[in-house]
Chemist: 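Sending over a structure as structure tokens; questions will come in a sec.
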Amino acid sequence: GREVRRVPHVMSATVRPLVPSDSLEALTALLHRAYARLGAMGLNYTAVDQSIETTRARFASGQGFVIEDGGALVGCVVVAGPFDEAKNPGTRRSPWYLRRDVAHLHQLAVDPARQGQRLGDPLVAACEAWAREHGFRAIALDTAEPAHHLRARYARMGYAEVDHAQWDGKRYRSLILVKPLDGPVPTTSDAEHRCALVRALWAHVQAR
């Protein structure tokens, strides 16, 4: 559904699901602007220079949310369930992205002109609400290890660093962060984590 929620501290802005009429060109430009600072730090996040087709594929992979203010898109994010280890071989490097009980968010961006207004908070909250509604017990994300300002922000939002991964083509190591939504933080010793490890190993064997 097209549920629209006002941003309490910026009453002119609303959070809503992405709809087909939203401009992928505008969304891509927003991502480029939002990630330019990280690119200048030498961190080659995908969103620094991704194509419109990559934007289309990323947002088609899950549920997109945007913040709209005055008719302009000023923030965005995508939330989805576990990756398919066969279609996304890179994710085999972290079982957290393959667990059936953990959702994940990515493509989180706020226009630089609007940063400092905590617009990222309602976007993450929308992802967490979606994950709860779909029965996930935790939500994960990843960020560059050298991006200390982002790590601190996610820690304040309740995300704990649980793993690391070296994604293909990246000049930095990524950290995986997880926040529990229902009960304690899942652990690497529980049954679902062991199942995720087995699926990752089996997918790797089949690909050889």
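Side-chain atoms are counted along with the backbone in the values below, which use heavy atoms only and exclude waters and symmetry mates.
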Chemist: Listed by chain and number, what are the side-chain contact (heavy atoms from CB on, under 4.5 Å) partners of Arg173, not counting sequence neighbours?
Modeler: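 With sequence neighbours excluded, Arg173 shows a side-chain contact (heavy atoms from CB on, under 4.5 Å) to Glu145, His164, Gln166, given in chain and number order.
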Chemist: In the hydrophobic clustering (ILVMFWY, side-chain contacts below 4.5 Å, transitive), which residues join Tyr97, or is it alone?
Modeler: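 Besides Tyr97, the hydrophobic cluster comprises Phe83, Trp96, Leu98, Val162, Trp167, Ile176, Val178, Val185, listed by chain and residue number.
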Chemist: Quick one: salt bridge (charged side-chain N to carboxylate O under 4.0 Å, His left out) pairs with a partner in residues 146-164, sequence neighbours left out?
Modeler: Arg151-Glu161
Chemist: List in chain and number order the residues that pass salt bridge (Lys or Arg N to Asp or Glu O under 4.0 Å) with Arg93, two or more places apart in sequence or in another chain; answer none if no residue qualifies.
Modeler: Asp168
Chemist: Go through the structure and list residues passing side-chain contact (heavy atoms from CB on, under 4.5 Å) with Asp190, not counting sequence neighbours.
Modeler: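 Partners of Asp190 under the side-chain contact (heavy atoms from CB on, under 4.5 Å) test: Arg99, Arg137, Pro186, Thr187, Glu192, His193.
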Chemist: With a 4.5 Å limit on heavy-atom distance, are the side chains of Asp69 and Arg114 in contact?
Modeler: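 A side-chain contact exists here, since the closest heavy-atom pair is under 4.5 Å.
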Chemist: Scan for salt bridge (charged side-chain N to carboxylate O under 4.0 Å, His left out) pairs involving residues 125-136, sequence neighbours excluded, and state none if there are none.
Modeler: Glu128-Lys179
Chemist: Taking only residues two or more places apart in sequence or in another chain, which ones pass side chain to side chain donor-acceptor pair (under 3.5 Å) with Glu85?
Modeler: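 Glu85: no side chain to side chain donor-acceptor pair (under 3.5 Å) contacts found.
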Chemist: Among all residues two or more places apart in sequence or in another chain, which pass the salt bridge (Lys or Arg N to Asp or Glu O under 4.0 Å) test with Arg33?
Modeler: Asp111
Chemist: Could you tell me whether the side chain of His106 and the main chain of Leu141 form a donor-acceptor pair under 3.5 Å?
Modeler: no
Chemist: Taking salt bridge (Lys or Arg N to Asp or Glu O under 4.0 Å) as the definition, give me every residue that meets it alongside Arg37, ordered by chain and number, with sequence neighbours left out.
Modeler: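 Arg37: no salt bridge (Lys or Arg N to Asp or Glu O under 4.0 Å) contacts found.
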Chemist: Would you please name every residue forming a salt bridge (Lys or Arg N to Asp or Glu O under 4.0 Å) with Arg58, sequence neighbours left out?
Modeler: none
Chemist: Not counting sequence neighbours, which residues clear side-chain contact (heavy atoms from CB on, under 4.5 Å) with Ile52? List them please.
Modeler: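 Counting only residues at least two positions away or on another chain, Ile52 forms a side-chain contact (heavy atoms from CB on, under 4.5 Å) with Leu24, Glu25, Thr28, Arg56.
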Chemist: Ala109: which residues meet the side-chain contact (heavy atoms from CB on, under 4.5 Å) condition with it, sequence neighbours left out?
Modeler: Leu31, Ala34, Tyr35, Cys76
